[in-house]
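A short write-up of the structure that comes next.
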Amino acid sequence: MPLAASAPSLTASPLLFFPRLVEWQRRHGRSGLPWQGTRDPYRVWLSEIMLQQTQVTTVLGYYSRFLERFPDVRTLAAAPQEAVLALWSGLGYYSRARNLHRCAQAVVEQWGGAFPASAEQLQTLPGIGRSTAAAIAAFCFGERISILDGNVKRVLSRLLAFDGDLATLAQERRLWALAQDLLPAAPSHDEMVAWTQGLMDLGSSLCSRSKPDCAACPGTGLCLASAQARTGEFPVRTRKLKRSTVEWWWLLLRRPDGAVWLERRPAEGIWAGLYSLPTYGSRAEGLAAFGGEPALRQEHETLRHTLTHRDLVLRPLELDWSAALQEAPGSACAAPGLWVQHQSDLDLGLPAPLRSLLERLLPA
DNA sequence: GACGCGTGGCA
DNA sequence: TTGCCAAGCGT
């Protein structure tokens, strides 16, 4: 490598990173993932949405099943939202699934069933933000445009010793502009694919958060943070997560045949649109809704479930449901719902802890 | 601009 | 245990 490793310049040297990373990706990057090796915008889009804030190993279990059920954008657009949520169940961030569904309908109705071919147009669609639009445009259309996800923020902030606070939008925009500046004037489609994939591959392997392997990195000699032994200082991000605890009482209404009543959650908030158990903020409130203490059959073990910003304490109360009272609890809950009797009835959008609970309680 | 939104992995 | 983070977006 004819490279001056001693005094990397802020202006010229970073441009050498592009060919280095492209070459590294082709030799050492990930290949063979189910969504790689295609330029079909539908498949790339689906993978990008699933991979938002979600690790590759988690997505692997969902992607193929989803494609099998919804092989193209028209099939997805024509499906009921519930069917989409059912296949998304357990993947989290369910607004992604709702927006995915809306996006498919927009592609069919506004674009004749073909995804638009530029990042600018892609970004107008529901659930497709700046980074996802760039990823689809780069992978599928070879557009000269940069992504900026968590991996890229780490890689580039180290490469450039960028010390702006990425908790602020202004600094994020600065880094985005720098990312765009790293691109050559006229990259080929194949180069844009390798570069985009390479940024993510590098960030998820060598350029890891805690122990980056700088010796093996294609940025050796270019990376300012590495040269200054300051990789631990980047990226800078001051935002702190504050998490609060919420206590929910879950009612397990049991029919004599063992079936359990589920109701659909509201369209906004936690687990929006998913099926769950009737939920109350206190024990007394929950019991009062369905016959009080006499109906109480069992207090189940308390469950704890952590969301991004909430620690949920879930207290399931099992109540006898007397069919003599009403045909379905829905009228009492003022919510649409259904009875589930067997594990095979759980082909529904369910929160992860509830699926786990029901799989223990219901017979196969 | 800051916060709400799931789940699982890891140090 | 606890906190942080992962192919972010919408509001």
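- If you measure from atom CD1 of A:Ile147 to atom C1' of C:dA6, you get 13 Å, rounded to the nearest angstrom.
- Nucleic acid contact class of A:Arg130 (heavy atoms, under 4.0 Å, all strands): sugar-phosphate only.
- Here A:Glu293 pairs with A:Arg283 in a salt bridge; the nearest charged N to carboxylate O distance falls below 4.0 Å.
- Base engagement by A:Trp35 is indicated by at least one non-hydrogen atom pair under 4.0 Å involving a base atom.
- Looking at heavy-atom distances under 4.0 Å, A:Ala135 makes no contact with the nucleic acid at all.
- Heavy-atom nearest nucleotides on DNA chain B were determined for A:Leu274 and for A:Ala170, and the one closer to the 5' end corresponds to A:Ala170.
- Listed candidates were C:dC9, B:dC5, B:dT7. Nearest to the side chain of A:Tyr94 is B:dT7.
- In this structure, the NZ atom of A:Lys211 is 12 Å from the C1' atom of B:dC10, given to the nearest Å.
- Between the P atom of C:dG8 and the CD atom of A:Glu172 lies a distance of 11 Å, rounded to the nearest Å.
- Between A:Trp271 and B:dG4, a side-chain N or O to OP1/OP2 separation shorter than 4.0 Å is absent.
- Salt bridge absent: A:Arg27 and A:Asp201 never bring a charged side-chain N and a carboxylate O closer than 4.0 Å.
- Looking at the side chain of A:Asn99, the nearest of the listed nucleotides C:dG8, C:dG10, B:dC5 is C:dG10.
- At C:dG8, none of the side-chain N or O atoms of A:Lys153 fall inside 4.0 Å of OP1 or OP2 (strictly under the cut-off).
- Taking every side-chain heavy atom of A:Arg173 into account, B:dG1 is the closest of B:dG1, C:dC9, B:dG8.
- For an aromatic pair to be called close, the ring centres must be under 6.0 Å apart, and A:Trp24 with A:Phe17 fails this.
- Checked against side chain to side chain donor-acceptor pair (under 3.5 Å), A:Thr132 has the following partners two or more places apart in sequence or in another chain: A:Gln52.
- Aromatic ring orientation, A:Trp339 versus A:Trp321: tilted (interplanar angle from 30° to 60°).
- Across the protein-nucleic acid pair, A:Arg355 atom CZ and B:dT7 atom C1' stand 13 Å apart, rounded to whole Å.
- If you take atom P in C:dT2 and the same atom in B:dG6, they sit 23 Å apart, rounded to whole Å.
- At the heavy-atom level, A:Thr196 lies nowhere under 4.0 Å from the strands shown.
- If you check the side chains of A:Thr58 and A:Gln55, you find no donor sitting under 3.5 Å from an acceptor.
- Toward the 5' end of DNA chain B, the nearer of the two residues A:Ser210 and A:Tyr93, judged by each one's closest nucleotide, is A:Tyr93.
- As rounded to whole Å, 12 Å separates atom P of B:dG6 from atom CH2 of A:Trp88.
- Judged by atom type and distance alone, A:Thr308 reaches the base of B:dG6 through a side-chain donor-acceptor pair under 3.5 Å.
- Relative orientation of the A:Trp250 and A:Trp271 rings is tilted, given thresholds of 30° and 60° on the angle between their planes.
- Nearest-nucleotide mapping onto DNA chain C: of A:Gly127 and A:Gln36, the residue sitting toward the 5' end is A:Gln36.
- Contact check, A:His305 against B:dG6: no side-chain N or O comes under 4.0 Å of OP1 or OP2.
- Here A:Val56 lies in heavy-atom contact (under 4.0 Å) with a base.
- The nearest heavy atom of DNA chain C to A:Ile128 and to A:Val152 marks one nucleotide each, and the one closer to the 5' end goes with A:Val152.
- Ring planes of A:Tyr42 and A:Phe115: tilted class, angle from 30 to 60°.
- Ranking C:dC9, B:dC5, B:dT7 by closeness to the A:Thr132 side chain, first place goes to C:dC9.
- At a threshold of 4.0 angstrom between heavy atoms, the contacts of A:Ile270 are confined to the sugar-phosphate backbone, with no base atom among them.
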Can you tabulate the close N/O pairs, meaning under 3.5 Å, that link protein atoms to atoms of nucleotides 1-5 of chain C?
| unit_1 | atom_1 | unit_2 | atom_2 | d |
| --- | --- | --- | --- | --- |
| C:dC5 | OP2 | A:Arg237 | NH1 | 3.2 |

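- If you check every strand for non-hydrogen atoms under 4.0 Å, A:Gly203 touches nothing.
- Residue A:Arg96 contributes atom CZ, which lies 15 Å from atom P of C:dA6 at whole-angstrom precision.
- Distance A:Leu307 CG to B:dG9 C1': 16 Å, rounded to the nearest Å.
- Remark: the A:Thr58 side chain and the B:dG9 base include no donor-acceptor N/O pair separated by less than 3.5 Å.
- A salt bridge is defined here as a Lys NZ or Arg NE, NH1 or NH2 lying under 4.0 Å from an Asp or Glu carboxylate O, and A:Asp72 with A:Arg74 fails to meet this definition.
- Counting to the nearest Å, the C1' atom of C:dG8 and the CG atom of A:Leu91 are 14 Å from each other.
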